[in-house]
Number of protein chains: 2
Amino acid sequence: MIEYKKELQRLIEDFKTNYLPSVSVDLVIFGFHDGQLKVLLLRWKGTEEWCLPGGRIRNDENLDDSAYRSLRERTGLREIFLQQFYTFGDVLRYKHIDQHETLRKLGLPEEAVHEFANRDVSVGYYALVEFENVVPTPDFFTDECRWWDINQVPTLLFDHNDMISLALKTLRRQLSYQPIGYSLLPDKFTMPDLQQLYETILGQSLDRRNFQKRMLGYGILERLEERKFGGAHKAPYLYRFDKEKYEKVLAEESLFVG
Amino acid sequence: MIEYKKELQRLIEDFKTNYLPSVSVDLVIFGFHDGQLKVLLLRWKGTEEWCLPGGRIRNDENLDDSAYRSLRERTGLREIFLQQFYTFGDVLRYKHIDQHETLRKLGLPEEAVHEFANRDVSVGYYALVEFENVVPTPDFFTDECRWWDINQVPTLLFDHNDMISLALKTLRRQLSYQPIGYSLLPDKFTMPDLQQLYETILGQSLDRRNFQKRMLGYGILERLEERKFGGAHKAPYLYRFDKEKYEKVLAEESLFVG
DNA sequence: TTATAATGCGTATTTTCAACACAATAATAC
DNA sequence: GTATTATTGTGTTGAAAATACGCATTATAA
């Protein structure tokens, strides 16, 4: 326990010295499994309170890189789809909880509690990751990191429920005018797999035949000779993303500055 | 001059006490005049360097409110279209200029120069305002505030050229799936006026007849009995936005959280 | 008074999107 | 083995939306 407090002290000192004050990054990490859309959440030490993963920005670090770093630390993944969607800065962002109470449970000293209780402006990013490859890893302030079904997310700390809502809304909109799926599915997948992903994200069923036409229309899928046997009935073809074309289509509609 | 330095000292002290460190807000304020799209820029005191208007966030102030406040201070306008579009946080945001040199020209003390030279994470907002109603007003650090033609914007300080590009891109996209024009045009306007606005923003010409059909299709325009005489040839009708319906259509597609 | 050029309103044409039909096929039941 | 069943692969058709275009009307200018 003394070790913990020492470590905490070091951490706070480190934050003050090497990280930007009053700004942070929060991540909505979407995964896909069992036909369900999932988000990765963290449970704060010694509490039953859950929240989104996030992090702070080093003085010498780009904002985007900071988001990538946090994502890597929580999931073990690199090179995945990550996109900024909104920046949150309401004074009452922290209204949902008795902030001080929760922070004290973590064993923070008074000074640190005060430090933490100030409103940060937080830049929201959302990520799409392949469920199977993720190794959920808690950080210093949390002792559990796991997937939650998107429909069963509890009331979270801060304004994190709002963040998830807006991230999902942005994701759905993005889905309707550009392809998504590269980092959410295994390397080889069937058309029904892809369709189920879309239906899960959009929350509605789609016509199988029209869906296939549209996906092939993007010109980003490569049909393999292989087929997926073992399921009941006719065996569907396996597909793979043509990464080069995929990136190209994505870039055309991207919001980012070149 | 002593008065100036004292005031500056006060300002810096005020920033340290009452404003969030390492975060700021920048505004891309679009206006429309003479068939040209304009942006409002500021010239730094004693230099020929131009930049976007912006501001800082008070400790007790919502992020959005801070943007509205800056906008009000620069234009004298309130209740206009303002929307967040991206947050910029590259370490090299300030690469475009010899930062220290420029800041020293402003008469900042060494300490303040160091303060200013650190990278801020900046939240970008864009606004649409009615050109005629704006009273361009410089702030403490600038001695000129005026409109620039969007095609003649010079190389700006920081990453402000990128900001304008991205704001324009976002505006164009927004234009294609929801009506815009309420705060950019005078109360009464003709269909050709509106079309010219669209063509200017999009940078391409549109079919006159199809444009009219689409605009009327939104159901947000009210045609008046009046017509606009004086121009050459046939006199076009005057229109006015039905604000209630306008807001309704706008709200349906908004990105913001309720 | 006539010519000009822009407006108001309307009609084809094309393209896109949504709904639906049917043969092929891998597992399952018998 | 053989027939059955549910699912996949590949179409076609029709509606709706977007786009292209035609023509009479009209305020100014010649």
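Both backbone and side-chain heavy atoms feed into the values below; hydrogens, waters and symmetry mates do not. Chain letters run A, B, ... following the sequence lines, proteins first and then strands; every chain starts at 1. Because the structure is a prediction, the values reported are computed rather than measured.
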Worksheet item: More 5' along DNA chain D: A:Ala235 or A:Asp207, using each one's nearest nucleotide?
Response: A:Ala235

Fill in: Check: D:dT8 base within 3.5 Å donor-acceptor of A:Lys234 side chain
yes

Please state how far atom [atom1] in [X] lies from atom [atom2] in [N], giving the value in whole angstrom units.
X	N	atom1	atom2	value
A:Leu206	C:dC20	CG	P	15 Å
A:Met191	D:dT7	CE	P	18 Å
B:Phe229	C:dA6	CZ	P	18 Å
A:Phe211	D:dT8	CZ	P	12 Å
B:Met215	D:dA18	CE	C1'	14 Å
A:Asp193	D:dT7	CG	P	14 Å
A:Gln212	C:dA19	CD	C1'	16 Å
B:His233	C:dT2	NE2	C1'	14 Å

Discussion item. Distance alone, cut at 3.5 Å: any donor-acceptor contact between the side chains of A:Gln195 and A:Gln212?
Written reply: no

Worksheet entry | Check ion pair B:Glu244-B:Lys248 (N to O, under 4.0 angstrom) | no

Worksheet item: Do you know which two heavy atoms are closest between B:Phe30 and B:Ile150, and how far apart they sit?
Response: CE2-CD1, 3.9 Å

Worksheet item: Is there a donor-acceptor pair under 3.5 Å between the side chain of A:Ser70 and the backbone N or O of A:Ala67?
Response: no

Practice prompt. Say whether, by atom type as modelled, one donor and one acceptor occur between the side chain of B:Arg146 and the main chain of B:Leu42 under 3.5 angstrom.
Written response: no

Worksheet item: Choosing from D:dT8, D:dG9, C:dT7, which nucleotide comes nearest the side chain of B:Pro192?
Response: C:dT7

Discussion item. Reading DNA chain C from 5' onward, which residue's closest nucleotide shows up sooner: A:Asn210 or A:Gly230?
Written reply: A:Asn210

Worksheet item: For DNA chain C, whose closest nucleotide is more 5', that of A:Lys213 or that of B:Ala232?
Response: B:Ala232

Item to complete: Output yes when at least one side-chain N/O atom of A:Arg209 is less than 4.0 Å from OP1 or OP2 of C:dA19, else no.
Response: no

Discussion item. If you compare every side-chain N and O of B:Arg223 against the phosphate oxygens of C:dC9 (OP1, OP2), does one of them come in below 4.0 Å?
Written reply: yes

Worksheet item: Which part of the nucleic acid, if any, lies within reach of A:Lys228 when heavy atoms closer than 4.0 Å are counted: base, sugar-phosphate only, or nothing?
Response: nothing

Discussion item. Just to be sure I understand the rule, does A:Arg208 reach a base, reach only the sugar-phosphate, or reach nothing, if contact means heavy atoms closer than 4.0 Å?
Written reply: base

